[in-house]
Amino acid sequence: MNQAARRIGRTLALVLPVVLVLSGTLAVTAVPWAPQSGTQVLTASAERTAPRDSPRAPHEVVRDRLVAELQQKDPGTALTGLQKEIARRPSLARHCTSIARALGRAAVEKYGPARAHAYSRPVCDTSFAAGVADAR
């Protein structure tokens, strides 16, 4: 009887951890981690790319709007708009340099390097001028 109990104990000691790990892994892969439209469920093998219809980040929206404003008006207007957006939403300040650089590159595309450089002002540590220089 003692021998049989040991054999059952050893079997359980080997099989039980494997069963627990597998069941835990399967449970984790079936949990929808983020609210999503539709019935898609996140699995362990899911790609880590964002869906194409996902909303864009606020700084990308501001950047695109200011680049469009630059195309319609001039870089000075867009830079003033950038300053106002940063003052209105301080959370955008960490993206200020990338937005200003994008405006500098867009200004070079529209006006050429010399005329675009004339619009430079110290917005976001002269990132607009750096964008102009990048586009040359």
Side-chain angles (χ1 to χ4, degrees):
M1 174 99 166
N2 197 9
Q3 210 50 310
R6 271 196 196 141
R7 194 172 304 137
I8 291 173
R10 285 182 188 160
T11 303
L12 282 176
L14 291 173
V15 172
L16 192 58
V18 173
V19 170
L20 289 174
V21 168
L22 287 176
S23 65
T25 302
L26 292 174
V28 168
T29 60
V31 174
W33 292 103
Q36 298 181 13
S37 59
T39 59
Q40 183 179 10
V41 175
L42 179 66
T43 62
S45 63
E47 291 184 29
R48 299 204 183 267
T49 58
R52 293 180 195 256
D53 61 344
S54 66
R56 296 182 320 155
H59 69 278
E60 293 173 341
V61 173
V62 169
R63 181 197 61 219
D64 293 346
R65 185 175 50 78
L66 291 174
V67 167
E69 187 174 333
L70 182 145
Q71 297 299 328
Q72 292 175 343
K73 298 176 183 174
D74 62 65
T77 306
L79 288 170
T80 300
L82 177 59
Q83 287 175 322
K84 288 179 181 177
E85 282 293 327
I86 298 299
R88 190 171 68 86
R89 294 194 301 186
S91 62
L92 293 174
R94 65 182 168 174
H95 302 288
C96 187
T97 56
S98 65
I99 295 170
R101 279 180 178 258
L103 291 173
R105 289 189 294 271
V108 169
E109 289 177 19
K110 183 175 181 183
Y111 297 107
R115 189 165 172 214
H117 189 65
Y119 286 99
S120 291
R121 61 172 105 146
V123 176
C124 306
D125 297 328
T126 66
S127 294
F128 178 82
V132 170
D134 287 348
R136 288 186 179 175

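Quick caveat, the model's predicted, so the values are computed rather than measured. Note that the numbering runs from 1 along the sequence shown for the chain.
Residues A106 and V67 approach most closely at CB-CG1, 4.0 Å, considering heavy atoms. In this structure, T11 and R7 approach most closely via the heavy-atom pair OG1-O, 2.8 Å. Here the closest heavy-atom approach between residue G76 and residue Y119 is recorded as N-CD2, 3.6 Å. For P75 against F128, the heavy-atom pair with the smallest separation is CB-CZ, 3.8 Å. Annotation for E69 and A78: closest pair OE2-N, 4.2 Å, computed over non-hydrogen atoms. The shortest non-hydrogen separation linking L103 to L70 is O-CD1, 3.5 Å.
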Side chain to side chain contact (heavy atoms under 4.5 Å, CB included) between L79 and Q83, intermediate numbers included: CA-CA 6 Å; L79 288 170; Q83 287 175 322; 5.7 Å; no

Output, in order, the C-alpha distance, side-chain angles, deciding distance and verdict of salt bridge (charged side-chain N to carboxylate O under 4.0 Å, His left out) for E85 and R89. CA-CA 6 Å; E85 282 293 327; R89 294 194 301 186; 3.6 Å; yes

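Going from atom CD of E60 over to atom OG of S98 covers 9.0 Å, rounded to the nearest 0.5 Å. From E109, atom CD reaches atom CD of Q71 across 7.0 Å, with rounding to the nearest 0.5 Å. To the nearest 0.5 Å, the span separating NZ on K110 from CZ on R115 amounts to 8.0 Å. A distance of 11.5 Å separates CD of Q3 from CD1 of I8, quoted to the nearest 0.5 Å. Atom CD1 of residue I99 and atom CZ of residue R65 lie 9.5 Å apart, to the nearest 0.5 angstrom.
Enclosure of atom NZ in K73 is not indicated, since only 12 or fewer non-hydrogen atoms of other residues, nucleotides or ligands lie within 6.0 angstrom.
Contact of the D64 side chain with the R56 side chain is registered, since non-hydrogen atoms from C-beta on lie closer than 4.5 Å.
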